[in-house]
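Please read through the structure below; I'll follow up with questions.
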Amino acid sequence: MRKQGLGEMLITKPDGSGVQRQVRIVYEDQGGGLFEVEILGDSPLQGYKFAVRQADLKRTRDTGQVTS
């Protein structure tokens, strides 16, 4: 099953400033689950899609190293 929705993403630039962009978030439940994020609107990354496995997100949440 594939589900999608819209959301917001805060993008932090190397100089520390930030910009908020609307993103499309897609969840695909095959293969253990995968989240895909696509930046919408005018952006140098327009058309790129970034995918992260659900298991990697969960493992980081549950056992990831604490950072400052």
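Just so it is clear, the model here is predicted, and its values are computed rather than measured.
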Once rounded to the nearest 0.5 Å, what's the spacing between atom CD of E38 and atom CZ of F50?
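Output value for this atom pair is 10.0 Å.
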Step by step, would you call K3 with V26 a side chain to side chain contact (heavy atoms under 4.5 Å, CB included)?
CA-CA 6 Å; K3 296 180 178 181; V26 177; over 6 Å; no
Using the side chain to side chain contact (heavy atoms under 4.5 Å, CB included) rule, take R21 and E8 through it: C-alpha gap first, then chi angles, then the decisive distance, then the call.
CA-CA 6 Å; R21 296 279 188 221; E8 296 289 325; 5.8 Å; no
With rounding to the nearest 0.5 angstrom, report the CG to CZ distance, D29 to R2.
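Rounded to the nearest 0.5 Å, the CG-CZ separation comes out at 10.5 Å.
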Does atom CD of Q30 have more than 12 heavy-atom neighbours, drawn from other residues, nucleotides or ligands, at distances under 6.0 Å?
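Open.
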Atom CG of L34 and atom CZ of R53: how far apart are they, to the nearest 0.5 Å?
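Atom-to-atom, L34:CG and R53:CZ are 9.0 Å apart.
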More than 12 heavy atoms of other groups within 6.0 Å of D62 CG:
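Result for CG/D62: enclosed.
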Let me confirm one number: the CD-CD distance from E36 to Q4, rounded to the nearest 0.5 Å.
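CD of Q4 is found 9.5 Å from CD of E36.
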Separation between OG1 of T60 and CD of Q65, rounded to the nearest 0.5 Å:
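Between T60 OG1 and Q65 CD, I get 10.0 Å after rounding to 0.5 Å.
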What do the steps show when you test I39 against Y48 for side chain to side chain contact (heavy atoms under 4.5 Å, CB included), and what is the final call?
CA-CA 7 Å; I39 299 171; Y48 286 81; over 6 Å; no
Please report the shortest heavy-atom distance between V23 and M9, naming the atom on each side.
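Looking at all heavy atoms of both residues, the closest pair is CG1-CB, 3.7 Å.
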Distance from I11 atom CD1 to L45 atom CG, nearest 0.5 Å?
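It is 7.0 Å, given to the nearest 0.5 Å.
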ILVMFWY cluster, V37 and V19 together (side-chain gap under 4.5 Å):
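They do share one cluster, since a chain of ILVMFWY contacts under 4.5 Å joins V37 to V19.
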